[in-house]
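Worksheet for the structure shown next.
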Amino acid sequence: MQFFNTLTRQTEEFVPQEKGKVKLYTCGPTVHDFAHIGNFRTYVFEDLLRRYLKYRGYQVTQVMNLTDVEDKIIKKSLASGQNFRDFTRPYIEAFFEDLKRLNIEPAEHYPRATEHVDGMVEMIRDLLQKGIAYRSEDGSIYYNIRKFPSYGELAHICVAELVSGARVAQDEYDKDSACDFALWKAWDEADGHVFWDQYEDLGKGRPGWHIECSAMSRAILGDSFDIHCGGVDNIFPHHQNEIAQSEAYSGKKFVNYWLHSEHLQVESHKMSKSLGNFITLRDLLSAGGNPSGRAYDPMVIRFSLLSVPYGSRLNFKYEGLQQDEKALERIVALLRRCADQCGDGSVDDLIAQTRADFIKHMDSNLLITEALAVLFNFVTEINKRMDAGPIDGRKVVEFWNEIDQVLGLNLQDKIQTGPLDADIEKLIEERQSARKARNFARSDEIRSQLLEQGIVLEDTPQGVRWKRSSP
RNA sequence: GGCGAUGUGGCCGAGUGGUUAGGCAACGGUCUGCAAAACCGUCCACAGCAGUUCGAUUCUGCUCGUCGCCUCCA
C-alpha cells in the first residue's frame with residue numbers, strides 16, 4: 001500500500017511501526033459552529049482511509065480530537081453570554097449526529113482539548129526548561145522556531161522569507177519572531193471566564209492552539225505514530241508547529257506519514273461565509289436548506305465527497321449530487337436484480353478480478369476514481385451476464401457488501417424496500433390482472449397512480465418489481 | 001510580493017509519448033403491450049502559442065485562466 005506523504009512529497013510504501021497495526025491521528029473539528037461539507041470531505045476521506053486499512057487487515061487505532069477551546073469559541077461564547085462549555089455542547093452533539101448520518105465509523109478516541117490541559121502543560125514546561133520556549137513580557141509563552149532547525153520543512157516554507165513576507169503583520173508582536181507561536185496565552189479581559197489558573201509557574205491563562213494536538217496524540221498514541229491526516233490548510237502552520245513541539249519534547253520522529261486532503265470548492269469558488277456559499281450537511285439534508293430546493297440522501301452526499309481522490313480539489317455542485325444519485329441507483333438496481341437470481345452461472349472469476357483491481361487502485365494512494373471505474377465496469381459485466389442467462393446473484397450481493405465495508409454506502413439497505421401498504425399491494429395485483437387481460441389502459445393508469453405515490457413499477461421476466469422513486 | 005497547484009468532450013472527473021477511463025446527460029437501436037431497468041451504438045476531448053520528437057493531450061518554454069498557502073480555517 002502506498003501513500004503520498006506531504007513530508008517528503010513522494011509516494012511511499014506504507015510500513016507501520018508495528019506490524020498489522022496502524023496508529024492514526026485525524027484533526028477534528030473546532031466546535032464553534034455546525035461543520036460544513038468541506039469539513040466532511042476531509043472526515044469522509046479519513047473514514048475511507050480507516051475502512052480501507054481495516055479491509056486490508058490492519059488493526060486501526062484512530063484518534064480524532066475535538067477542539068473545544070480556542071479564540072473563536074471564546075469570542076462567540078462570550079458574545080452569547082454562555083459559559084464556553086455550554087456554548088460548545090450542542091455543536092459537539094451535532095457533530096456526532098452528522099458523522100452518523102454520513103456513516104462515518106466512530107474513531108476509537110475523541111479526546112477534548114479541555115481534558116488534556118495537564119498534558120499540554122507538561123510539554124510546555126519541558127520546552128521552557130530546554131530553552132526552546134520563552135516567556136514574553138505579557139506572560140504568554142512562545143515557541144522559538146529558530147531552535148528547531150527543520151522548521152518549515154513540512155510546508156516547504158523558508159522561514160527567513162516568511163518573516164519578511166508582505167502579508168505577515170509585524171506590528172504589535174510581543175514575541176521575538178513573527179512566526180513564533182503561542183504555547184500558552186496569558187489571560188486578558190477578552191478571555192472572560194476562560195482560563196486555567198492552577199499552574200502557578202505558567203500563570204493564569206489558556207493553552208495555545210497547536211499544543212493540544214501534540215499533547216493529545218502523545219497521550220493516546222505515544223510520541224511517535226504512523227499517520228496524521230487533516231486538510232491542506234493545516235499543513236502550515238498547525239501541523240508544522242505540532243512537529244516542532246512534539247519532536248523538541250520527545251526527541252523522536254513525530255509522524256511517519258502525513259496525508260492531507262485538498263479543499264472542497266463550491267461551483268469552483270472557495271467556500272466562505274462572505275461569498276454566501278457556505279454549506280453545512282444540514283443544509284443538504286433538508287429541502288428548504290439549500291438553493292436546489294431538494295433534500296438529499298446522506299449516502300449520496302457521502303458518495304459525492306468520496307468519489308474524488310482526496311489529494312484533488314473537489315468541485316461541489318448540486319448538479320453533481322444529482323448525477324451521483326443516478327450513479328448509485330445504477331448499483332442499487334443491479335443489487336436488486338441480483339438479489340432474486342439464484343441461477344448456476346458462476347461469477348467467481350469476475351468477482352476475483354474485480355476485487356484484485358479494486359485493491360490495486362486503492363493500494364495506490366486510495367485512487368478512488370480508478371477503483372470506482374472498476375466497480376462500474378463490474379456492474380456492466382454482471383448485467384450482461386444476467387441478460388445472457390441466470391447467474392448466482394447472491395454472490396454478487398455478497399461481494400458488494402464486502403466492498404461496501406470500504407465505501408460505507410449501505411446500498412444493501414436500499415434493496416430491502418420494506419413492506420407496502422395493503423392498498424398499494426392490492427393495486428399492483430389489480431394491475432397484473434389487467435395486464436393479463438390486456439387491459440393496458442387500466443394497467444397504465446394504475447402505474448401512473450402509483451408513481452404519484454412514489455412507487456416505480458418495473459415489469460421483468462421474473463415478475464413485477466417495485467422501488468421507491470428518488471425524491 | 002514569496003511559494004505552490006491546476007486547466008481534459010454538455011457536466012464531474014482518471015490516465016497515457018503512438019492502443020476504450022468511469023459516472024451523469026443527449027441521440028439512435030435492441031428488448032417491452034407501452035414503459036422502466038438492462039444491453040449495443042453515436043457524440044472520437046485534452047486552454048492557447050511555440051519547441052523537442054517519426055509522432056504529444058502526455059516532455060520543455062511562454063501566454064492566458066482558475067485555485068490555494070504565506071493570517072483563524074478541513
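Small disclaimer: the values here were computed from a predicted structure and weren't measured. Numbered from 1 within each chain, the chains take letters A, B, ... in sequence-line order.
Atom-to-atom, CG of A/L335 to P of B/A37 comes out at 16 Å; the value is rounded to the nearest Å. For A/K467 and B/A35, the NZ to C1' distance is 12 Å, given to the nearest whole Å.
When the P atom is compared between B/A74 and B/C3, the two are found 27 Å apart, to the nearest whole Å. Using C1' as the reference atom, B/U20 and B/C40 are 15 Å apart when rounded to the nearest Å. Between B/G55 and B/C64, the two C1' atoms lie 27 Å apart (nearest whole Å). Nucleotides B/U58 and B/C46 have their C1' atoms positioned 9 Å apart, rounded to a whole Å.
Taking the six-membered ring where the residue is Trp, the centroids of A/H210 and A/H239 are separated by 6.0 Å or more. Side-chain rings of A/F95 and A/F34 stay apart, their centers remaining 6.0 Å or farther from each other. Two rings, from A/F358 and A/F378, have their centers 6.0 Å or more apart.
For A/H263, no side-chain nitrogen or oxygen approaches OP1 or OP2 of B/C67 to under 4.0 Å. Side-chain nitrogen and oxygen atoms of A/K384 include at least one within less than 4.0 Å of the OP1 or OP2 phosphate oxygen of B/C40.
Counting any heavy atom pair closer than 4.0 Å across all strands shown, A/R431 reaches a base atom. In this structure, A/R447 reaches the bases: a heavy-atom distance under 4.0 Å links it to at least one base atom across the strands shown. Here A/Q265 lies in heavy-atom contact (under 4.0 Å) with sugar-phosphate atoms only. Residue A/T460 is classed as having no contact, given no heavy-atom separation below 4.0 Å to the nucleic acid. Residue contacts shown for A/I235 are absent, as no nucleic acid heavy atom lies under 4.0 Å away. As judged by a 4.0 angstrom heavy-atom cut-off over every strand, A/L375 is placed among residues making no nucleic acid contact. Nucleic acid contact for A/F376: sugar-phosphate only, since backbone atoms but no base atoms lie under 4.0 Å from a heavy atom of the residue. Here A/R330 lies in heavy-atom contact (under 4.0 Å) with sugar-phosphate atoms only. Using a 4.0 Å heavy-atom distance criterion, A/N377 is classed as a sugar-phosphate-only contact. Looking at heavy-atom distances under 4.0 Å, A/H260 makes no contact with the nucleic acid at all.
Checking B/A74, B/C34, B/G22 against every side-chain atom of A/D459, the shortest atom distance belongs to B/C34. The side chain of A/R438 lies closest to B/G33, out of B/C69, B/G33, B/A21.
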At under 4.0 Å between heavy atoms, how does the protein contact nucleotides 9-15 of chain B? Give one character per nucleotide, 5' to 3', with B, S or -. --BSSSS

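Residues from residues 65-76 of chain A that place a heavy atom under 4.0 Å from any atom of RNA chain B, listed by number: A/K72.
Using a 30° and 60° split on the angle between ring planes, A/F254 and A/W258 fall in the tilted class, from 30° to 60°.
Applying the 6.0 Å contact sphere to CG of A/D349 captures more than 12 heavy atoms from other residues, nucleotides or ligands. Heavy-atom neighbours of A/R355 CZ from other residues, nucleotides or ligands within 6.0 Å: above the threshold of 12. The environment of NZ in A/K147 is sparse: at most 12 heavy-atom neighbours from other residues, nucleotides or ligands sit within 6.0 Å.
Between A/D233 and A/A155, the residue whose closest nucleotide on RNA chain B is further toward the 5' end is A/A155.
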Just the table, please: protein N/O against nucleotides 27-29 of chain B N/O, every pair under 3.5 Å.
none

Could you go step by step and tell me if A/E402 and A/Y55 meet the side chain to side chain donor-acceptor pair (under 3.5 Å) rule? CA-CA 9 Å; A/E402 173 192 322; A/Y55 177 74; 2.6 Å; yes

